[in-house]
Amino acid sequence: MQDEYRTVARAGVHETEINRSRFLCALAPAATEQEAQDFVARVRKEHPDATHNCWAYVIGADASVQKASDDGEPGGTAGVPMLQMLLRRDMRYVVAVVTRYYGGVKLGAGGLIRAYGGAVGEALDAVGARTRRRFRLATVTVDHHRAGKVQNDLRSTGREVRDVRYAEDVTLEIALPDADVDAFRAWLADATAGTAVLELGGEAYGDA
């Protein structure tokens with residue numbers, strides 16, 4: 001797994017006009033290829049009278065899935081430059097749809113490539129990016145007497161407490177960078193006089 005990746009901060013739409021053609025770039029985060037395809041279908045439905053709805057998406061922290069469509073524009077002039085812009089910006093788990101309303105002036109192949117790639121670049125600037133980092137999921141089991149202080153200490157040091165469950169003991173679900181596991185284990189033993197139990201789970205991505 002990649003240690004971290006960048007994706008869009010939020011879904012959003014940015015519009016630009018080039019030689020009387022309107023280009024609307026819709027961007028959204030997409031966790032799976034199906035989510036990306038559903039987003040493309042939704043944008044198509046919103047703009048059924050558009051001249052073209054071209055799209056591109058990159059799925060996987062290692063960009064293992066890359067797909068694009070020119071949707072009727074000359075081959076290689078829309079989807080590919082859109083995809084290239086996403087990759088150039090190191091974007092992952094993201095889908096882009098550029099909706100074009102033709103304004104009566106032909107742009108030529110070079111003009112189309114610049115227009116579609118540029119529309120994605122401008123939209124990325126507008127919505128912003130965020131970095132997601134790989135974390136180790138872990139559970140801390142601690143007695144009720146110490147649970148409150150442990151929770152406060154975790155939050156005050158910026159640790160993400162994902163869930164808290166109360167039973168005979170208190171179980172806290174947390175996420176740790178792999179490099180911090182040993183230091184955290186030592187801190188936890190010190191903070192709870194060795195009474196807390198740390199169990200490591202799988203891996204997931206969270207905001208850096």
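Just so you know, these numbers use all the heavy atoms, side chains as well, and skip hydrogens, waters and symmetry mates.
Not counting sequence neighbours, the partners of Arg136 by the side-chain hydrogen bond (donor to acceptor under 3.5 Å, both in side chains) test are Asp178. In this structure, Arg185 has no side-chain hydrogen bond (donor to acceptor under 3.5 Å, both in side chains) partners at least two apart in sequence or on a different chain. Among residues two or more places apart in sequence or in another chain, the side-chain hydrogen bond (donor to acceptor under 3.5 Å, both in side chains) test is passed with Arg114 by none. In this structure, the side-chain contact (heavy atoms from CB on, under 4.5 Å) partners of Ala68, at least two apart in sequence or on a different chain, are Ala56, Leu83. Listed by chain and number, the residues in a side-chain contact (heavy atoms from CB on, under 4.5 Å) with Ala9 amount to none (sequence neighbours excluded). The side-chain hydrogen bond (donor to acceptor under 3.5 Å, both in side chains) check on Asp180 picks up Arg159, with sequence neighbours excluded.
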Check residues 167-176 and write down every donor-acceptor pair under 3.5 Å in which the side-chain atom is one partner and the other belongs to a residue at least two apart or another chain.
from: Glu173; atom 1: OE2; to: Arg165; atom 2: NH1; distance (Å): 2.8

Can you give each donor-acceptor pair under 3.5 Å made by side-chain atoms of residues 37-44, sequence neighbours left out, with the distance rounded to 0.1 Å?
from: Gln37; atom 1: NE2; to: Tyr57; atom 2: OH; distance (Å): 3.3
from: Asp38; atom 1: OD1; to: Gln34; atom 2: NE2; distance (Å): 2.8

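Cluster membership check: Tyr5 does not share its hydrophobic cluster with Val94, using side-chain heavy-atom separations under 4.5 Å among Ile, Leu, Val, Met, Phe, Trp and Tyr. Residues Leu87 and Met91 share a hydrophobic cluster, clusters being chains of Ile/Leu/Val/Met/Phe/Trp/Tyr side chains in contact below 4.5 Å. Tyr205 and Ile59 fall within the same hydrophobic cluster, where Ile, Leu, Val, Met, Phe, Trp and Tyr residues are linked whenever their side-chain heavy atoms come under 4.5 Å apart, directly or through other members. No chain of hydrophobic side-chain contacts below 4.5 Å, direct or via other Ile, Leu, Val, Met, Phe, Trp or Tyr residues, connects Val95 to Val8. Both Leu27 and Val58 belong to a common hydrophobic cluster when Ile, Leu, Val, Met, Phe, Trp and Tyr are linked at side-chain heavy-atom distances under 4.5 angstrom.
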Practice task
Please test Lys67 against Trp55 for side-chain contact (heavy atoms from CB on, under 4.5 Å), starting from the C-alpha separation and ending with a verdict.
Solution key: CA-CA 8 Å; Lys67 293 195 177 164; Trp55 52 264; 3.9 Å; yes

Handout entry: Verdict with supporting geometry, Asp3 and Arg133, side-chain contact (heavy atoms from CB on, under 4.5 Å)
Key = CA-CA 6 Å; Asp3 278 341; Arg133 189 166 290 150; 5.7 Å; no

Exercise for the section: Evaluate the side-chain contact (heavy atoms from CB on, under 4.5 Å) criterion for residues Val161 and Arg155: first the C-alpha distance (whole Å), next the side-chain angles of each, then the deciding distance (0.1 Å), finally the verdict. Expected result: CA-CA 7 Å; Val161 180; Arg155 291 199 167 100; 3.7 Å; yes

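Between the CG atom in Leu24 and the OG1 atom in Thr16 there is a gap of 9.5 Å [rounded to 0.5 Å]. Note that the CD atom of Glu15 and the CZ atom of Arg22 stand 4.0 Å from one another [nearest 0.5 Å]. The OG1 atom of Thr192 sits 11.0 Å away from the CG atom of Asp153 when rounded to the nearest 0.5 Å. Taken from CD in Glu199 to OG1 in Thr141, the straight-line distance is 6.0 Å, to the nearest 0.5 Å. For the atom pair CZ of Arg134 and CD of Glu4, the computed distance is 10.5 Å after rounding to the nearest 0.5 Å.
In this structure, Glu17 places its CD atom where more than 12 heavy-atom neighbours from other residues, nucleotides or ligands lie under 6.0 Å away.
What you find for Leu107 and Ala115 is that their closest heavy atoms are CD1-CB, 4.1 Å. Here the closest non-hydrogen pair linking Ala26 and Val13 is CB-CG2, 4.0 Å.
With side-chain heavy atoms closer than 4.5 Å counting as contact, directly or through intermediates, Val105 stands alone and belongs to no larger hydrophobic cluster.
Pairs passing the salt bridge (Lys or Arg N to Asp or Glu O under 4.0 Å) check and including a residue from residues 76-87, sequence neighbours excluded, do not occur. Applying the ring pair (Phe, Tyr, Trp, His ring centres under 6.0 Å) test to pairs two or more places apart or on separate chains, those with a residue in residues 141-184 are Phe184-Trp187. Applying the side-chain hydrogen bond (donor to acceptor under 3.5 Å, both in side chains) test to every pair with at least one member in residues 92-110, sequence neighbours left out, gives these pairs: Ser21-Arg100, His47-Tyr101, Asp49-Tyr101, Asn53-Thr99, Glu73-Arg100.
A donor-acceptor pair is defined here as one N or O able to donate and one able to accept, closer than 3.5 Å; such a pair exists between the side chain of His52 and the backbone of Asp71.
Screening Val140, Val142, Leu154, Val197 against Leu188 for a side chain to side chain contact (heavy atoms under 4.5 Å, CB included) leaves a single residue, Val140.
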